[in-house]
Amino acid sequence: MLDTKYNHLEIEKNKYNTWKEKGYFKADNESKKPPYCIVIPPPNVTGKLHIGHAYDTAIQDAIIRYKRMKGFDALWLPGMDHAAIATEAKVVKKLKDMGIDKYEFGRENFLEACWDWTHEYGDNIRNQWAGLGLSVDYSRERFTLDEDLNYAVRKVFVDYYNKGLIYKGEKIINWDPAAKTALSNEEVEYASEKSAFYHLKYQLEGSDKYLDVATTRPETLFGDTAVAVNEKDERYKDFVGKNVILPIMNKPIPVITDEHADMEKGTGCVKITPAHDPNDFEVGNRHNLERIIIMNDDATMNENVPEKYQGMTREECRDTVLEDLKEQGLLLEVEPLVHEVGHSQRTGVMVEPMVKKQWFVKMAPLAENVLKFQDDKDKKINFVPKRFEKILRHWMNISYDWCISRQLWWGHRIPAWYKGDEIYVGMEAPEGDGWVQDEDVLDTWFSSALWPFSTLGWPNNTKDLERYFPTDCLVTGYDIIFFWVARMAFQSEYLTGYRPFKDCVIHGLIRDEHGTKMSKSLGNTVDPFEMIDKYGADSLRYYLTTEGSMGLDLNFSEIKLTATWNFINKVWNASRFVLMNIEDLKEIKLDNLSSIDKWILTKYENTLKSVTKHMDKYEFNLAGTEIYEFTWNYFCDYYIEMAKYSIDNESTKSTLCYILTGIMKMLHPFMPFVTEEIYQILPVKDAESIMISSYPEYDKHLVFANEEIIVDDQIDFMKKFRNIKQENNMTKDLKILFEDSIYNDLVIKVLRLNENLINEPLSIKSYPVNSNNIKATIYFEKEETKEDIENKQKQIEDLKASILRREKLLSNENYVNKAPANIVEMDRVKLQEEKNKLEELLK
RNA sequence: GGAUUCUUAGCUCAGUUGGUUAGAGCAUCUGCCUUACAAGCAGGAGGUCGAAGGUUCGAGUCCCUCAGAGUCCACCA
């Protein structure tokens, strides 16, 4: 028999391995069932899974378990991401701590260290998936650097190159001076920083006139090759076409006109540094200006600046330049300013825009294709909630190309080879001597963009690809829509001709209890596995999936997690009661049903119908609330209490078992462990594991509208009775007189009324208790107090107000004619009830 | 500058296509160890749903304006 208390530690032991060994997680591409597929957003092999992963995967597991029980051949494909820059940074640091320099170590050795790292952290992640109870198909697990995924990557690269969708070009890119690699625009995060607008004096050549040029980056002046003003700017029209003297360098540079110079901003004069500013780069292109790169790869000043400044960091150089300018009287003004400065997402250092030769994906045709798909309702990705489609569409209007080369070692090496000026792009190294492969690897998102189909075997037309692609659903946070979802969309739609997934379920971020973003530096992170130790994976999963609503952030609350534990404990104890009483049940026979059996079955079927609807629409909070309410407020609070008086009855036992089974099945996607534990003890069950049992189907033959009304009325009576009893402090010796009713018996039992005092009205004070079908009067030895009178008066006032409101409503012709008939009828019934009650009170 | 979300009970949040007198958890008050559960049971108190307008027979829900908070994108010489 079950323990009196739910013990999550005990229950969650061993089940996972059993499921795994029995092969329940494995999809079967030979099966006759319709396929249903989700690919996991592959976690980076950089460390432990955090609460966000727990959230994301709990949702997916709920979906996949539901679909599996619903009769689908459900495939949840797991895997991990090599996370090029993120992992490389970790391994570099690890080696550094051991006193090893990456470059001295060499490419081969370094990659070996990365693989060791990957295997170690991969195992951790698999253990954590097990702890969460995720039903992923390990037989299909993939890693973004697997040989076949690498093949897919090379294939895309080569095809795109041949079609002109991938090209190598010298452009301005975001340079991470710490990782010494290029970044995409998406990998740059902006943060407000206190800085200043420095007004510099650019003297007109051979004149005492000068331009006041405002800049936030005085240290880049060494790379200036022009000063731009707006064509329409009257203030500077005499300067245009002449030269100004670049401070410190004492070099003449032209004053040009360009649309980029905004008359309203600053002084209207802009220094143009084509090699170190994206806008200036464009200006430089328009005017054929020289690009002078003034920094090394680590962002120290290079040989193109005067010797004095060479080797300085950007920051040191800025300070020195400012001092020197001040000395020379060329610093006109320092205007404090707060502005956004770009930082590398991974290393955190300030990004340096630099001109570099890199590989790019031409975005315009790919993006356009996605928009075409989104306009076709049979081809589009359906976002849940809908509003997130806008983020995709917005991102597809980008004007810049995607920089995909990274100066890293860990990743997919670019399949391009060079020999002198020759370049060869192909699946394998070209024949002949002297070819050297490109040193760089691809942006990690290049391979994860192929994830939904490369994992299923693409570009080979495998059985899995044919069966499971396009996938059915992708679950991820809104923070990576533009990183990942958008890229999967354009890659999939261009390469395969299909959307990568039909539905895209977007959830929010988990924040701390005050709504602050979790971060290691703030120390407000929540470790999901600590929570699992304390409350169990079932509690954590149910809490995460049913607490918030899709697309909104969730403020993590341990108190609510304990409330979930309490709910499971309640479920546990209800099961305990049921199992204690149905041990000898041989089969579930739902005939000769009593009134309460019919009542709870009706409530159950209606709940099931609604829960199924919510599950299909990914409305897990609503599904969860309904199951919770049904289980606690109807099944436990009333049915079990009432069933105690007919527990030997076969129909009661069958009903108990039937409903408990249904509750377990509805809860299983959210709390797999405890529901399996209880399912296993049921005397009658339809499968060897709840995981592979079938989800209950709504059965309209078990809906009894009449009994629902009758028992609801009995409950209504009981509530009113208890209310009066408690309000008047009638702890004992209350006497009750029932008017004739066929529905009293159960009420008398459940309310534990003293049989001797029924129908013996002999006391001072009397209280009427009426429901629709049951009418009674309670008598009690007590004087009427002032409070009693006040209470009664208040009740009368409330009733009168309500009657007035309803009469007014019902006399409104518009309402009566336009509102649905059942709503109007309900008001009529309610009105009559209120009138009856008022009459009663006024007696 | 563009987009978007949020504002509902003391706290944290639900609230489906507009439809009875707006719900939950926690906290709080009262009474109970009633044989599944005291991490429980029974009962209560607590909200003019951010503000003002509009559409409608009917608005927490739809529309407009405003206020406050958050997020994303763009700009930032």
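Protein chains get the first letters and strands the later ones, always in sequence-line order, with residue 1 at the start of each.
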Exercise for the section: With the side chain of D637(A) defined as its heavy atoms from C-beta on, choose the nearest nucleotide among G19(B), C76(B), C41(B). Expected result: C41(B)
Handout entry: Paired stretches of RNA chain B - 3 or more consecutive Watson-Crick or G-U pairs, each distance under 3.5 Å
Key = B:1-7 with B:67-73, B:10-13 with B:23-26, B:28-32 with B:40-44
Exercise for the section: Would you mind reading off the distance between N812(A) atom CG and U56(B) atom C1', rounded to a whole angstrom? Expected result: 11 Å
Handout entry: Nearest-neighbour nucleotide for the Q726(A) side chain, U20(B), A42(B), G19(B) considered
Key = A42(B)
Exercise for the section: Using the ring pair (Phe, Tyr, Trp, His ring centres under 6.0 Å) rule, pick out the option among Y6(A), Y542(A), Y535(A) that qualifies with W565(A). Expected result: Y6(A)
Handout entry: Between A14(B) (P) and M550(A) (CE): distance, integer Å
Key = 12 Å
Problem - Euclidean distance for P, G15(B) against U61(B) (whole angstrom) - result: 14 Å
Fill in the blank from the handout: Quick note, R511(A) side chain, CB onward, closest among C72(B), G70(B), C76(B) is G70(B)
Handout entry: Contact nearer the 5' end of RNA chain B, comparing G515(A) with M263(A)
Key = G515(A)
Practice task
Give R217(A) one of three labels, base, sugar-phosphate or nothing, depending on what nucleic acid heavy atoms sit under 4.0 Å from its own.
Solution key: nothing
Exercise for the section: Looking at every strand, decide which applies to E389(A) at a 4.0 Å heavy-atom threshold: base, sugar-phosphate, or nothing. Expected result: nothing
Practice task
Before accepting this row, confirm whether a basic side-chain N of the pair E807(A)/K835(A) lies closer than 4.0 Å to the acidic partner's carboxylate O.
Solution key: yes
Handout entry: Parallel, tilted or perpendicular: rings of Y628(A) and F567(A) (30°, 60°)
Key = tilted
Practice task
Could you measure between the two P atoms, the one in C66(B) and the one in U71(B), and give it in whole Å?
Solution key: 22 Å
Practice task
Name the nucleic acid region contacted by F482(A), choosing base, sugar-phosphate or nothing; use a 4.0 angstrom heavy-atom cut-off, strictly under.
Solution key: sugar-phosphate
Practice task
Determine the contact category for S549(A): base if any of its heavy atoms lies under 4.0 Å from a base atom, sugar-phosphate if only primed atoms, P, OP1 or OP2 are that close, otherwise nothing.
Solution key: sugar-phosphate
Exercise for the section: In sequence, state the C-alpha distance, the side-chain angles, and the governing distance for E10(A) and K5(A), and then conclude on salt bridge (charged side-chain N to carboxylate O under 4.0 Å, His left out). Expected result: CA-CA 11 Å; E10(A) 205 51 47; K5(A) 269 200 175 60; over 6 Å; no
Problem - Gap between atoms CD1 and C1', on I678(A) and C37(B) respectively (whole Å) - result: 13 Å
Exercise for the section: Scan T564(A) against the nucleic acid and name what it touches under 4.0 Å (heavy atoms): base, sugar-phosphate only, or nothing. Expected result: nothing
Problem - Shortest side-chain distance from K719(A), nucleotide among A14(B), G43(B), U16(B) - result: G43(B)
Practice task
Using the P atom on both, measure G31(B) against A22(B) and round to a whole Å.
Solution key: 29 Å
Practice task
Ignoring backbone atoms, test whether N279(A) places a side-chain nitrogen or oxygen under 4.0 Å from the OP1 or OP2 oxygen of C76(B).
Solution key: yes
Practice task
Give one of base, sugar-phosphate or nothing for E547(A), where a contact means two heavy atoms less than 4.0 Å apart.
Solution key: sugar-phosphate
Problem - Euclidean distance, atom OH of residue Y478(A) to atom P of C73(B) [Å, nearest integer] - result: 11 Å
Practice task
Please determine, for the side chain of Y400(A), which listed nucleotide (U20(B), U30(B), A74(B)) has the closest atom?
Solution key: A74(B)
Practice task
Would you mind reading off the distance between L554(A) atom CG and A14(B) atom C1', rounded to a whole angstrom?
Solution key: 12 Å
Exercise for the section: Using a 4.0 Å heavy-atom cut-off across all strands, classify K271(A) as base, sugar-phosphate, or nothing. Expected result: sugar-phosphate
Exercise for the section: Check whether any side-chain nitrogen or oxygen of N566(A) sits under 4.0 Å from OP1 or OP2 of G40(B), and answer yes or no. Expected result: yes
Exercise for the section: When you get a sec, tell me which of G15(B), U35(B), C76(B) is the closest nucleotide to the side chain of E340(A)? Expected result: C76(B)
Exercise for the section: Determine the interplanar angle of the F721(A) and F717(A) rings, folded into 0 to 90°, and report it as parallel if under 30°, tilted if 30 to 60°, perpendicular if over 60°. Expected result: parallel
Practice task
Starting from P on U35(B), measure out to CZ on R752(A) and report it in whole angstrom.
Solution key: 8 Å
Fill in the blank from the handout: Those residues at least two apart in sequence (or on a different chain) that pass salt bridge (Lys or Arg N to Asp or Glu O under 4.0 Å) with K201(A) are none
Practice task
Look at the side-chain N and O atoms of N814(A) and state whether any lies under 4.0 Å from the OP1 or OP2 oxygen of G58(B).
Solution key: no
Practice task
Could you please name the option among U71(B), G25(B), U16(B) that lies closest to any side-chain atom of L622(A)?
Solution key: U16(B)
Handout entry: Whole-angstrom distance between G60(B) and A69(B), as gauged at atom P
Key = 26 Å
Problem - Between C76(B) (C1') and H276(A) (NE2): distance, integer Å - result: 19 Å
Exercise for the section: Measure distances between side-chain N and O atoms of K570(A) and base N and O atoms of C37(B), and say whether any donor-acceptor pair falls under 3.5 Å. Expected result: yes
Practice task
Pick base, sugar-phosphate or nothing for A574(A), based on heavy-atom distances below 4.0 Å to the nucleic acid.
Solution key: base
Problem - U4(B) OP1/OP2 closer than 4.0 Å to side-chain N/O of K390(A) - result: yes
Exercise for the section: Please round to the nearest 0.5 Å and tell me the distance separating atom CD1 of I294(A) and atom CD of E219(A). Expected result: 7.0 Å
Practice task
Please determine, for the side chain of P820(A), which listed nucleotide (G19(B), A36(B), A39(B)) has the closest atom?
Solution key: G19(B)
Practice task
Determine the contact category for A819(A): base if any of its heavy atoms lies under 4.0 Å from a base atom, sugar-phosphate if only primed atoms, P, OP1 or OP2 are that close, otherwise nothing.
Solution key: base
Exercise for the section: Classify the nucleic acid contact of L552(A) as base, sugar-phosphate or nothing, counting any heavy atom under 4.0 Å across all strands shown. Expected result: sugar-phosphate
Completion exercise
Result for side-chain hydrogen bond (donor to acceptor under 3.5 Å, both in side chains) between D716(A) and one of K720(A), Q714(A), K719(A) points to K720(A)
Exercise for the section: For N606(A), enumerate each residue passing the side-chain contact (heavy atoms from CB on, under 4.5 Å) test, keeping only those at least two apart in sequence or located in another chain. Expected result: T602(A), Y698(A), V703(A), E708(A)
Handout entry: Intermediate values then yes/no, salt bridge (charged side-chain N to carboxylate O under 4.0 Å, His left out), R487(A) and E186(A)
Key = CA-CA 12 Å; R487(A) 284 173 179 152; E186(A) 290 69 38; 2.8 Å; yes
Completion exercise
Per atom distances to the K830(A) side chain, the nearest of U20(B), G25(B), G43(B) is U20(B)
Practice task
Could you tell me whether the phosphate oxygens of G44(B), OP1 or OP2, come under 4.0 Å of any side-chain nitrogen or oxygen in N723(A)?
Solution key: yes
Completion exercise
Per atom distances to the M826(A) side chain, the nearest of U35(B), U71(B), U20(B) is U20(B)
Completion exercise
Rounded to whole Å, CG of L509(A) lies from C1' of C6(B) at a distance of 14 Å
Exercise for the section: Looking at every strand, decide which applies to Y628(A) at a 4.0 Å heavy-atom threshold: base, sugar-phosphate, or nothing. Expected result: sugar-phosphate
Exercise for the section: Using a cut-off of strictly less than 4.0 Å, decide whether W632(A) has a side-chain nitrogen or oxygen near OP1 or OP2 of C41(B). Expected result: yes
Problem - Centroid under 5.5 Å and tilt under 30°, W565(A) to A39(B) - result: yes
Practice task
Answer yes or no: is there an ion pair linking E641(A) with K644(A), defined by an N-O contact shorter than 4.0 Å?
Solution key: yes
Problem - A36(B) phosphate, OP1 or OP2, under 4.0 Å from K644(A) side-chain N/O - result: yes
Problem - Side-chain N,O (K517(A)) to OP1/OP2 (U71(B)) below 4.0 Å - result: no
